[in-house]
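Single-structure report; data block below.
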Amino acid sequence: MPSNKMLGTVLIGAAAFLMRNKKTREKTMSQIRSLATPETIDKVKSQFQSITKTKSSNPSVR
C-alpha cells in the first residue's frame with residue numbers, strides 16, 4: 001500500500017495537471033458526474049462506513 005506522502009504527491013500532481021489542461025479537466029468532470037449517481041454515492045458511503053466500523057471496533061489491528 002502506498003505511503004501517505006506518495007499518495008499526496010500523486011494527488012497534487014493530478015490536480016495541477018487538471019488545472020492546467022482545460023480539455024482534460026472537462027472530460028474528467030463529465031466522467032465523475034456520470035459516475036456520481038445517488039445510488040453510487042450511497043453504495044460508496046455504506047462501504048466506507050463498514051470499513052471504518054471494522055477498524056474502530058478492533059483498534060489493535062492496523
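Keep in mind the model is a prediction, meaning the values are calculated, not measured.
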Could you walk me through whether Arg25 and Asn21 satisfy the side-chain contact (heavy atoms from CB on, under 4.5 Å) test, starting with their C-alpha distance in whole Å, then the side-chain angles of each, then the deciding distance to 0.1 Å, before giving a yes or no?
CA-CA 6 Å; Arg25 181 175 60 241; Asn21 191 332; over 6 Å; no
Decide salt bridge (charged side-chain N to carboxylate O under 4.0 Å, His left out) for Glu26 and Lys22; before the verdict, give the C-alpha distance in whole Å, the side-chain angles of both, and the deciding distance to 0.1 Å.
CA-CA 6 Å; Glu26 290 174 352; Lys22 183 179 179 182; 3.8 Å; yes
Whether the side chain of Thr28 engages the backbone of Thr24 through a donor-acceptor N/O pair (distance < 3.5 Å, no angle test) should be reported.
yes
Quick one: pull up CD in Gln49 and CD in Gln47 and give me the separation to the nearest 0.5 Å.
11.0 Å
Could you check whether any side-chain heavy atom of Lys43 comes within less than 4.5 Å of a side-chain heavy atom of Glu39, counting everything from C-beta outward?
no
For the side-chain contact (heavy atoms from CB on, under 4.5 Å) test, which of Lys27, Gln31, Arg33 pairs with Met29?
Arg33
